[in-house]
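Report on one structure; see the data block that follows.
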Amino acid sequence: MSASPHHSFLADYRIALPAGLLIGIPGWLGLTALSYISLRQDVRARRRQCPVRFHRQRREVCFIDSHSGKAVIVPWESVTAWVATSSGATEYGAMTHHNLGIAVEDPETGDLYTLAIGGPTAAIAAGLWEAIRQYMEHGPTALAGLRRSETAATPDPRELLPYDGVHTFELRRERLHREYRDGERGPVFVFFWYVWHLVTLWKVPFMISEWEYRQGRAPLPQAMRAWSQPLPREQWAEPSALLLCVRKHLAELERRNPRGDFAAHYRQARAPPSRSYRRARSARRRRAER
């Protein structure tokens with residue numbers, strides 16, 4: 001799994017279009033133009049910057065030092081993440097920015113490497129981290145977007161594609177029709193779903209998003225390519241006792257309150273029951289002393 005500091009045209013367009021429609025056609029054209037400019041800048045930046053890669057079998061994360069080209073590989077459980085919100089005044093009015101921050105420390109030199117991924121809201125920025133965590137802890141089929149066929153033995157292969165595109169539109173339309181047949185959606189909802197997508201140019205934003213992804217990325221260094229290769233099942237790394245303890249506590253919180261805020265669950269899971277926490281911490285210290 002790879003993470004990039006750039007978000008997709010589709011994400012920008014989803015924000016720009018509703019906002020532009022509220023202030024009329026000139027506003028829509030202006031915000032669409034800004035989305036296009038952002039798209040061009042992101043495409044150029046992607047061709048220069050290597051993504052961060054997450055290897056769930058190794059339970060490691062790989063950064064590439066942009067100056068030396070060195071591959072910095074750190075344990076997954078040592079990664080630090082946060083969500084930052086900043087506001088400022090511009091000639092167009094007040095602007096608020098939300099970013100998911102990810103940091104790793106080079107175990108050899110102590111150098112710190114950071115990555116910022118923008119999101120339209122703080123909740124979406126936090127959700128990006130939750131998607132990464134779900135992938136690393138439970139695999140790709142645990143991601144929230146893979147719920148199209150809960151009764152199927154395997155997910156639709158299109159759901160595993162690492163980008164939004166025309167297939168995203170088709171999957172949403174198929175889900176809409178299925179929910180309508182099952183009585184979960186009414187005809188009014190279906191009608192306005194089609195009206196909304198006609199107003200938003202039908203499949204055009206999805207086609208642009210797919211084109212954006214296919215423009216290419218910076219070539220991966222040989223060290224990262226070798227590290228990214230899959231491992232035999234018997235060589236997969238196992239989570240630490242401390243993480244298992246926190247994961248168990250988090251699962252219990254989600255079971256008690258499935259509709260609760262996952263950020264609040266995180267804060268509570270960081271302080272699991274004291275006896276279990278001390279036992280897991282002691283086990284980790286003993287392993288470190290060996």
Side-chain angles (χ1 to χ4, degrees), residues 1-47 51 92 95 97-98 117-121 123-125 127-128 130-131 140-141 143-152 154-217:
M1 180 180 186
S2 300
S4 167
H6 318 287
H7 45 90
S8 69
F9 169 82
L10 195 58
D12 281 338
Y13 194 74
R14 287 170 181 164
I15 302 299
L17 183 60
L21 291 176
L22 292 176
I23 56 179
I25 293 179
W28 173 74
L29 291 175
L31 291 175
T32 300
L34 289 176
S35 296
Y36 176 76
I37 294 172
S38 175
L39 166 67
R40 299 298 302 178
Q41 292 175 342
D42 283 350
V43 167
R44 287 195 293 268
R46 282 194 181 101
R47 290 172 176 170
Y92 303 105
M95 302 289 289
H97 302 277
H98 308 277
I117 306 176
T121 67
I124 291 178
L128 294 173
E130 173 63 5
T141 57
L143 298 179
L146 303 181
R147 294 179 179 172
R148 184 196 62 83
S149 306
E150 295 182 354
T151 58
T154 58
D156 190 307
R158 294 174 296 175
E159 293 176 324
L160 301 178
L161 295 175
Y163 60 91
D164 288 325
V166 176
H167 66 279
T168 308
F169 178 89
E170 297 295 347
L171 285 168
R172 292 176 181 176
R173 183 163 58 173
E174 291 170 12
R175 181 170 63 244
L176 174 71
H177 291 175
R178 184 176 62 258
E179 291 175 347
Y180 177 71
R181 290 194 303 269
D182 295 341
E184 300 177 17
R185 302 291 186 184
V188 175
F189 183 92
V190 174
F191 172 77
F192 280 104
W193 188 93
Y194 276 93
V195 169
W196 171 254
H197 283 283
L198 285 171
V199 171
T200 56
L201 305 181
W202 198 240
K203 296 182 181 180
V204 172
F206 298 88
M207 295 169 65
I208 295 176
S209 182
E210 188 168 327
W211 170 85
E212 173 193 11
Y213 180 82
R214 297 187 185 281
Q215 291 310 296
R217 301 292 192 272

Residue set satisfying side chain to side chain donor-acceptor pair (under 3.5 Å) with His177, at least two apart, ordered chain then number -> Tyr194
Applying salt bridge (Lys or Arg N to Asp or Glu O under 4.0 Å) to Glu184 and not counting sequence neighbours gives none
**Asked** Is a salt bridge present between Arg158 and Glu170, judged by a nitrogen-to-oxygen distance below 4.0 Å?
**Response** no
Would a distance-only check, ignoring hydrogens and angles, find a side-chain to backbone donor-acceptor pair under 3.5 Å from Ser209 to Asp164?
yes
Side chains of Leu176 and Phe189 in contact at under 4.5 Å (non-hydrogen atoms): yes
### Query
Are His167 and Leu161 close enough, and set up right, to give a side-chain contact (heavy atoms from CB on, under 4.5 Å), and what steps lead you there?
CA-CA 9 Å; His167 66 279; Leu161 295 175; 3.7 Å; yes
With a 4.5 Å limit on heavy-atom distance, are the side chains of Glu210 and Val166 in contact? yes
Please confirm whether His197 and Phe169 have ring centers closer than 6.0 angstrom.
-> yes
* To do: Determine whether Lys203 and Arg173 make a side-chain contact, defined as any pair of heavy atoms from C-beta on separated by less than 4.5 Å.
  => yes
One should read off an interatomic distance between Arg185 CZ and Arg175 CZ, to the nearest 0.5 angstrom, of 8.5 Å
Does the side chain of Arg172 come within less than 4.5 Å of Trp193's, by heavy atoms? yes
